[in-house]
**Student:** 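Handing you this structure, nothing more for now.
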Amino acid sequence: MSPTLFIMQCLNGLQLGVLLFLMAAGLTLVFGIMNFVNLAHGSLYMIGAFIAATVYNTTGSFALAAIAIFPAMLVIGLIVEFVALKTLYDRDHLDQVLATFGLILFFNELARMIWGPSPYYMEVPDWLSGTVNLFGLAYPAYRFLIIVVGLAVALGCYLLIHRTRIGMLIRAGSTHRQMVGALGVNIVLLNSLLFGLGAILAGIAGLMAGPILSVQPGMGEPILILTMVVIVIGGIGSVRGAFLAALIVGVVDTVGRTALPTLLRSLMERSSADTAGPAIASMLIYLVMAAVLAVRPQGLFPVKHG
């Protein structure tokens with residue numbers, strides 16, 4: 001692999017990593033802090049992509065689509081939490097898995113009813129269709145924007161959790177829920193707002209993925225699997241771990257799919273390498289997850305309490 005191609009694939013891996021972090025951040029907040037298994041998080045990502053594509057195709061403005069995502073996903077998240085999930089917080093994880101799996105089926109059918117079964121496309125805006133100069137390489141401007149947005153969200157999550165009163169209450173409520181409630185904090189409202197924030201982050205991920213992927217029913221399940229891998233590798237409940245693990249998964253997956261077949265050609269016959277390379281590359285992140293679990297079952301960057 002040439003140095004130029006390697007750098008480009010690393011940048012693509014970074015772009016995939018920050019996109020995964022946008023998903024993992026919301027899921028980590030809900031799963032790690034509220035101890036709630038939300039399999040429907042991928043469906044919120046799908047709905048966010050559909051809403052952004054609809055607004056963009058109607059108005060022709062990517063900025064309006066980005067603005068619309070925030071109130072739309074907040075309202076959807078709060079409605080889903082109030083109607084379907086609020087009574088499940090004190091139930092065991094199996095009940096939560098079954099309920100949120102039902103939500104996946106509901107949202108997929110709802111998307112088919114509203115937008116149809118065919119892919120719904122969202123074009124890259126004209127002002128982002130060019131390239132930017134990175135290390136002497138011409139890199140697509142829109143993919144660079146995804147990286148910038150992901151890093152900005154990571155910084156925002158860090159400041160929210162560790163530098164604000166709301167973040168202090170969130171961290172305290174994750175370990176001492178009854179004590180925080182006894183001090184007069186409305187822990188129910190706090191959890192609802194936290195779920196709404198997770199929905200917004202999923203919607204942002206859908207917004208950013210829309211122009212580079214086809215928006216269609218069921219698009220949330222594949223990225224949900226990758227997001228779960230990120231959370232397991234990083235450590236459940238750790239936003240910092242989710243960020244670093246997302247970068248690891250993105251780079252390993254992207255570079256592995258390009259480099260592994262080439263590497264295998266030097267070790268075996270070309271026909272065998274062309275068959276085995278893509279198959280092994282598709283399993284690479286799961287092999288990384290298995291290796292991490294074997295050495296550190298709590299993840300690479302587990303959350304620290306106290």
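Bear in mind the structure is a predicted one, so any value in this text is a computation, not a measurement. Throughout, numbering of the chain's residues begins at 1 and tracks the sequence.
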**Student:** Restricting to non-hydrogen atoms, name the atom on Gly218 and the atom on Asn108 that form the minimum distance, rounded to 0.1 Å.
**Tutor:**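 Closest pair (atom of Gly218, atom of Asn108, distance): N-OD1, 3.3 Å.
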
**Student:** Rounded to the nearest 0.5 Å, how far apart are OG1 of Thr100 and CG of Leu85?
**Tutor:** 7.5 Å

**Student:** Can you name the nearest heavy-atom pair linking Cys10 to Val251, along with the distance?
**Tutor:** O-CG2, 4.2 Å

**Student:** Check Gly150 against Val18 and note the closest heavy-atom contact, atom names and distance.
**Tutor:**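 Between these two residues, the closest heavy atoms are CA-CB, 3.9 Å.
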
**Student:** Is atom CZ of Arg112 surrounded by more than 12 heavy atoms (other residues, nucleotides or ligands) closer than 6.0 Å?
**Tutor:**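 Result for CZ/Arg112: enclosed.
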
**Student:** Can you tell me if Phe101 has over 12 outside heavy atoms packed within less than 6.0 Å of its CZ?
**Tutor:** no

**Student:** In this structure, are over 12 heavy atoms from other groups packed under 6.0 Å from Asp90 atom CG?
**Tutor:** no

**Student:** Walk me through whether Val249 and Val288 qualify under side-chain contact (heavy atoms from CB on, under 4.5 Å).
**Tutor:** CA-CA 8 Å; Val249 169; Val288 172; over 6 Å; no

**Student:** Compare every heavy atom of Ser214 with every heavy atom of Pro119, then report the nearest pair and how far apart it is.
**Tutor:** CB-CB, 3.9 Å

**Student:** Hey, does Leu11 have a side-chain heavy atom less than 4.5 Å from the side chain of Phe144?
**Tutor:**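 Side chain of Phe144 against side chain of Leu11, heavy atoms only: no contact under 4.5 Å found.
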
**Student:** With side chains defined as the heavy atoms from C-beta onward, is the minimum distance between Ile233 and Ile285 less than 4.5 Å?
**Tutor:** no

**Student:** Do Ile79 and Leu105 sit in one hydrophobic cluster, given that two such residues count as connected whenever their side-chain heavy atoms are within less than 4.5 Å of each other, even indirectly?
**Tutor:**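 Ile79 does not cluster with Leu105.
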
**Student:** Test side-chain hydrogen bond (donor to acceptor under 3.5 Å, both in side chains) on Glu81 and Ser192; report intermediate values, then the result.
**Tutor:** CA-CA 7 Å; Glu81 192 268 347; Ser192 297; 3.0 Å; yes

**Student:** According to the side chain to side chain donor-acceptor pair (under 3.5 Å) rule, which pairs have a member within residues 128-141, sequence neighbours left out?
**Tutor:** Asn12-Tyr139

**Student:** Could you go through the side-chain contact (heavy atoms from CB on, under 4.5 Å) check for Tyr158 and Arg163 one step at a time?
**Tutor:** CA-CA 8 Å; Tyr158 172 79; Arg163 293 291 185 268; 3.3 Å; yes

**Student:** Are the side chains of Val232 and Leu293 in touch, meaning some heavy atoms are under 4.5 Å apart?
**Tutor:**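 Yes, close enough: below the 4.5 Å cut-off.
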
**Student:** With a 3.5 Å distance limit and no angle check, can you tell me whether Asn57 reaches the backbone of Tyr121 through a side-chain donor-acceptor pair?
**Tutor:**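 Pair found, side chain donor or acceptor close to backbone of Tyr121.
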
**Student:** At what distance, to the nearest 0.5 angstrom, does CG of Leu194 lie from CG of Leu189?
**Tutor:** 11.0 Å

**Student:** Would you call the rings of Tyr56 and Phe62 parallel, tilted or perpendicular, where under 30° means parallel and over 60° means perpendicular?
**Tutor:**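 Aromatic pair Tyr56/Phe62 classed perpendicular.
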
**Student:** Can you tell me how far apart CG (Leu20) and CG (Leu224) are? Round to the nearest 0.5 Å.
**Tutor:** 11.0 Å

**Student:** Can you confirm whether more than 12 heavy atoms, excluding those of Phe70, are under 6.0 Å from its CZ atom?
**Tutor:** no

**Student:** Do Ile146 and Leu137 belong together in a cluster built from hydrophobic side chains that touch within less than 4.5 Å?
**Tutor:** yes

**Student:** Report the C-alpha separation of Arg296 and Leu300 in whole Å, then their side-chain angles, then the decisive distance to 0.1 Å, and conclude whether the side-chain contact (heavy atoms from CB on, under 4.5 Å) test is met.
**Tutor:** CA-CA 6 Å; Arg296 289 178 63 87; Leu300 293 177; 4.2 Å; yes

**Student:** What is the distance from atom CG of Leu44 to atom CG of Leu201, rounded to the nearest 0.5 Å?
**Tutor:**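 It is 11.0 Å, given to the nearest 0.5 Å.
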
**Student:** Are the side chain of Gln9 and the backbone N or O of Val255 linked by a donor-acceptor pair below 3.5 Å?
**Tutor:** no

**Student:** Is the backbone of Arg91 close enough, under 3.5 Å, to the side chain of Gln96 for a donor and an acceptor to pair up by distance?
**Tutor:** yes

**Student:** Are Leu193 and Ile161 connected into the same hydrophobic cluster when the rule is that any two of I, L, V, M, F, W, Y join if their side-chain heavy atoms are below 4.5 Å apart?
**Tutor:** no

**Student:** Of the non-hydrogen atoms in Ser43 and Glu221, which two are nearest, and what is the gap between them?
**Tutor:**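 For Ser43 versus Glu221, the nearest heavy atoms are OG-OE2, 4.2 Å.
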
**Student:** Mark yes or no for whether His41, through its side chain, and Met23, through its backbone, hold a donor-acceptor pair below 3.5 Å.
**Tutor:**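 Checked: pair present.
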
**Student:** Just how far is it from atom OG1 of Thr227 to atom CG of Leu27, taken to the nearest 0.5 Å?
**Tutor:** 6.5 Å

**Student:** Is the shortest heavy-atom distance from the side chain of Phe243 to the side chain of Val230 under 4.5 Å?
**Tutor:** no

**Student:** Under 4.5 Å between side-chain heavy atoms, hopping through other hydrophobics if needed: is there a path connecting Val148 to Ile212?
**Tutor:** yes

**Student:** Do the side chains of Tyr142 and Trp127 join up, straight or via other hydrophobic residues, at under 4.5 Å, putting them in one cluster?
**Tutor:**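 Same hydrophobic cluster.
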
**Student:** Contact between Phe195 and Leu78 at the side-chain level, heavy atoms closer than 4.5 Å - yes or no?
**Tutor:** no

**Student:** Under the side-chain contact (heavy atoms from CB on, under 4.5 Å) rule, what do Ile225 and Met228 come out as? Steps first, then yes or no, please.
**Tutor:** CA-CA 5 Å; Ile225 295 174; Met228 290 292 189; 5.8 Å; no

**Student:** Measure the CG-CD1 distance between Leu207 and Ile69 for me, rounded to the nearest 0.5 Å.
**Tutor:**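 Going from the CG atom of Leu207 to the CD1 atom of Ile69 covers 5.5 Å.
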
**Student:** Measure across Gly220 and Tyr45 and return the closest heavy-atom pair with its distance rounded to 0.1 Å.
**Tutor:** CA-CD2, 3.8 Å

